[in-house]
Amino acid sequence: MATTSTGLTKSKIVVNAYGTSSDTVNPHFRLLIDGKDVGQASVGSADPKAYTFDVDVSSGQAHKVQVVYDNDDVNAGSNRDLGITSIVINGHTLSPTDASYERHDDTGGTMAGQEGLWWNGALTFSTPSSLYGATPDTANSGSTPAAPEADSAATGGSGASAATGSSTITINARGTAAAGQNAHFTVLADGKKIGEGTAGTDSKDFSFKTDLAADQAHKIQVQYDNDTNQGGADRNLHVGSVTINGHAYASTDSAVGYDKGALDGKDVIKGQADLWWNGTLVVEADKGLFTSGSAPSTAPSTTPATPTAPVTTPSTDSGAGSSGGYLHTEGSQIVDSAGNNVKLTGVNWFGAEGYAFAPQGLWQDSYKNIMDQMQGQGFNTIRLPWSDAMLDNGRMPTGIDYSKNPELQGKTSLEVFDKIIEYADQTGMKIILDHHRSGDGASANENGLWYTSQYPESKMIENWKMLAQRYADNPSVVAADLHNEPHGQATWGDGNQATDWKAAAERIGNAVQSVNPNWLLIVEGVENSSEGTYWWGGNLDGVKTDPVDFNIDNKLVYSVHDYPPSMAGFGWFDDPSYPNNMKDIWTDAWGWIVQKDIAPVLVGEFGTKLETGQDKQWLDAMVKYMDGDYNGDGKSDLAAGDQGVSFTYWAWSPGSGDTGGIMTDDWAVNTAKMSAIEPALFDGTIA
């Protein structure tokens, strides 16, 4: 086992658990090592799921490992229970019968270990020292750990040149495991092996020394050599950068290509960070990087850096431990990386999901000017719709004036997204990626579901995982709106795999989390429930009895779309008390989720042309409600430090026939709309 210099062993502990909820609350457990908390998780699935914890423990010593169930309850005859099928410590599986069980109820006492944890009990395993290796790995041992680990140091290459070479090659990489093995890669220079590494879930620098001829260009190659998909899990390798004698190449730089399959110069495409198909990332390094003297003083050291100790929160509950710039949830609040409650208040920029395959307005102005204007109006977020059709191979956009957008010349639709997201990162804007529909077109899928015969759920998941990996290193992308406006035949929680949107959202969201644990996952409602009908994507009645549960907690945001009287003839718009009755309509439909501190809500679409008095009343009432005036008395009902409901206005461009846009038909700002929205805009910064 790889150890730190302080005599600690980096250990992986997996708790396989399932549970039943009560009063919409899932069972919760804490993991303790020798009486010390090292992580926790909520369990909402009736089927066993793996909850993984990376911890540092003393090497070569026996340890007491405890799974403590801490919120047992019975409510209205419904039991909240937790089941533990096994735990796995550094690849060694222990069953509950290998443990003792300490009851923490009034009766108390210790009994034989069992799978079902009741009475707020603790399952206690007395584990031997043999599970925790005591001998540190040397920096260049080249050995492979006997059990898979989250962080494996690179080997330094074989032969004297690996230790004394004048050039330093550093690969920044991470990976996802499958079948108990992490992603493995080999590093070559001009086709000759100089070292290899095994990448864990955290990005690490793997450094190699080698001698390369001076004043000549060289090919530096990162060859992924154990790609697989087993049991529905993809083993993938992500290369963030290749640094050669102090000069860093991003995987997407123009000097980088990707040779799919065999390293033979065939099937070469543009460089990419995510390596599949057992392909090779090839850097055409300039001869100026290889001088006759020693490597620059800025080059990384010859020995791979000791990996930073992982955060001791489980991969199934990584909210507070996310990388800088990412968001998590606490109750009804969205919390930034500095621990502050924040609010996403943005605008929809549609078009790429439709026939043009590019956001609207790029014929009018540059994408940077448009984004600057959005930010200048006070918006901090862009909800950016896409379709599966937009991601078809080589899809090229239309409707772009390249004299105004020269950087987009020759770019595919996806590469246009790359540029928008790159600029968002520079300016501090946040991006919500929205799976708006399957095929190209307008509005939601015509069949009301999240898939079509042309683009099945498997293709949607494939595309989501690709995007999640592609933008994993860009903290401006903070959320995935898993699908836009399920409606019609879409159901919630009825178990029908063809129509149950709640179950599909969990499948899709867990797939995203398997490659990118940092994003918020946004789940819209449906249209119909046993309690009634609401806007497409806006009916969240099912959450009362069947809430969404992802593998990684503290990442769920529910979402609704809500529109004014001009859009539909719902009876509440004809109520004599309108618009004062709307606060009760919203609370009954979705506001209760926020007010009961269950989860945050994003109003992902709302908007109006402001052409009628009723619509003006509606927008005024909606903005006040989202800003925290839940009872309509003109005062905020938010607790100190809390933020109101997040939102993204539909839409920025004037192309929506239903609502128009923030921009008028002549592409000037609609000041009446901005004046109405402005009171609810978030006026802080998001870390």
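Because the structure is a prediction, the values reported are computed rather than measured.
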In sequence, state the C-alpha distance, the side-chain angles, and the governing distance for Asn16 and Ser86, and then conclude on side chain to side chain donor-acceptor pair (under 3.5 Å). CA-CA 5 Å; Asn16 294 299; Ser86 66; 2.9 Å; yes
Looking at side-chain heavy atoms only, is the closest gap between Asp264 and Asp259 below 4.5 Å? yes
In this structure, CG of Leu263 is separated from CG of Leu281 (nearest 0.5 Å) by 11.0 Å
Assess the pair Tyr326 and His328: is the distance between their ring centroids shorter than 6.0 Å? no
Using ring centroids (six-membered ring only for Trp), state whether Phe206 and Phe185 fall under 6.0 Å. yes
Can you check whether Asp227's main-chain N or O pairs, donor with acceptor, with Asn278's side chain at less than 3.5 Å? yes
Parallel, tilted or perpendicular: ring planes of Trp277 versus Tyr258, cut at 30 and 60 degrees: tilted
Look only at the side chain of Asp392 and the backbone of Arg395, and say whether a donor-acceptor pair between them is shorter than 3.5 Å. no
With side-chain contact (heavy atoms from CB on, under 4.5 Å) as the test, would you mind laying out the steps for Tyr367 and Glu407 before giving the verdict? CA-CA 10 Å; Tyr367 73 97; Glu407 294 175 75; 3.3 Å; yes
Before giving the answer on side chain to side chain donor-acceptor pair (under 3.5 Å), spell out for Tyr423 and Ser476 the whole-Å C-alpha distance, their side-chain angles and the decisive distance to 0.1 Å. CA-CA 9 Å; Tyr423 191 62; Ser476 67; over 6 Å; no
Would you confirm whether Gln221, through its side chain, and Gly191, through its main-chain N or O, come within 3.5 Å as a donor-acceptor pair? yes
Least distance between heavy atoms, Ala285 atom then Leu289 atom: CB-CD1, 4.3 Å
Say whether, by atom type as modelled, one donor and one acceptor occur between the side chain of Asp190 and the main chain of His218 under 3.5 angstrom. no
Using a strict cut-off of less than 4.0 Å between a Lys/Arg side-chain nitrogen and an Asp/Glu carboxylate oxygen, indicate whether Asp388 and Lys459 qualify as a salt bridge. no
Check: Val65 and Ile89 side chains under 4.5 Å, non-hydrogen atoms: yes
Is Asp549 reaching over with its side chain to a backbone N or O of Ser45, donor-acceptor style, under 3.5 angstrom? yes
Report yes if some heavy atom in the side chain of Asn518 is under 4.5 Å from a heavy atom in the side chain of Leu327; otherwise report no. no
Strictly by modelled atom types, are Ser387 and Tyr455 linked by a side-chain donor-acceptor pair under 3.5 Å? no
For the CG atom of Leu188 and the CD1 atom of Ile220, what is their distance to the nearest 0.5 Å? 9.0 Å
Heavy-atom nearest pair, Trp519 first then Val477, reads NE1-O, 3.1 Å
Taking Val14's backbone N and O only, do any of them form a donor-acceptor pair with Thr52's side chain (distance below 3.5 Å, no angle check)? no
Walk me through it: do Ser207 and Thr170 pass the test side chain to side chain donor-acceptor pair (under 3.5 Å)? CA-CA 4 Å; Ser207 295; Thr170 300; 3.1 Å; yes
Taking Lys193 first and then Glu196, would you say they form a salt bridge - that is, a charged N and a carboxylate O separated by under 4.0 Å? yes
With the threshold set at 4.0 Å, does a side-chain nitrogen-carboxylate oxygen contact exist between Lys411 and Asp418? no
Just by distance, no angles: are the side chains of Asn90 and Ser11 close enough, under 3.5 Å, to form a donor-acceptor pair? yes
Are the side chains of Ser413 and Met390 in contact, using a 4.5 Å heavy-atom criterion? yes
Would you please test Gln40 and His28 for side chain to side chain donor-acceptor pair (under 3.5 Å) and show each step? CA-CA 7 Å; Gln40 56 185 301; His28 181 273; 2.8 Å; yes
With side-chain contact (heavy atoms from CB on, under 4.5 Å) as the criterion, how do Ile169 and Ile194 come out once you've worked through the C-alpha distance, each side chain's angles and the decisive distance to 0.1 Å? CA-CA 9 Å; Ile169 314 298; Ile194 62 172; 4.0 Å; yes
Exercise: identify the closest heavy-atom pair between Thr85 and Pro48: CG2-CG, 3.9 Å
For the pair Leu344 and Ile432, evaluate side-chain contact (heavy atoms from CB on, under 4.5 Å) and give the outcome as yes or no after the intermediate values. CA-CA 10 Å; Leu344 301 175; Ile432 297 172; 4.2 Å; yes
Check: Asp211 main-chain N/O paired with Ser167 side-chain donor or acceptor under 3.5 Å: no
Do Asn226 and His184 pair up side chain to side chain, a donor and an acceptor below 3.5 Å, judged on atom types alone? no
Can you see which heavy atom on Glu506 is nearest to which on Phe550, and at what distance? CA-CE2, 3.8 Å
Heavy-atom pair with the smallest gap, counting every atom of His435 and Trp386: CD2-CH2, 3.3 Å
Here the pair of heavy atoms bringing Ala199 nearest to Asn182 is O-CB, 3.3 Å
So, do Lys12 and Val88 sit near enough that their side-chain heavy atoms are less than 4.5 Å apart? no
Can any side-chain N or O of Asn245 pair as donor or acceptor with the backbone N or O of Phe290 at less than 3.5 Å? no
For the pair Arg383 and Asp434, find out whether any cationic side-chain nitrogen is under 4.0 Å from an anionic carboxylate oxygen. yes
Going by an N to O cut-off under 4.0 Å, is there a salt bridge joining Arg174 and Asp473? yes
For Gln469, does its backbone N or O pair with a side-chain atom of Asn516 as donor and acceptor, under 3.5 Å? no
How about NZ on Lys419, more than 12 heavy atoms from neighbouring residues, nucleotides or ligands closer than 6.0 Å, or not? yes
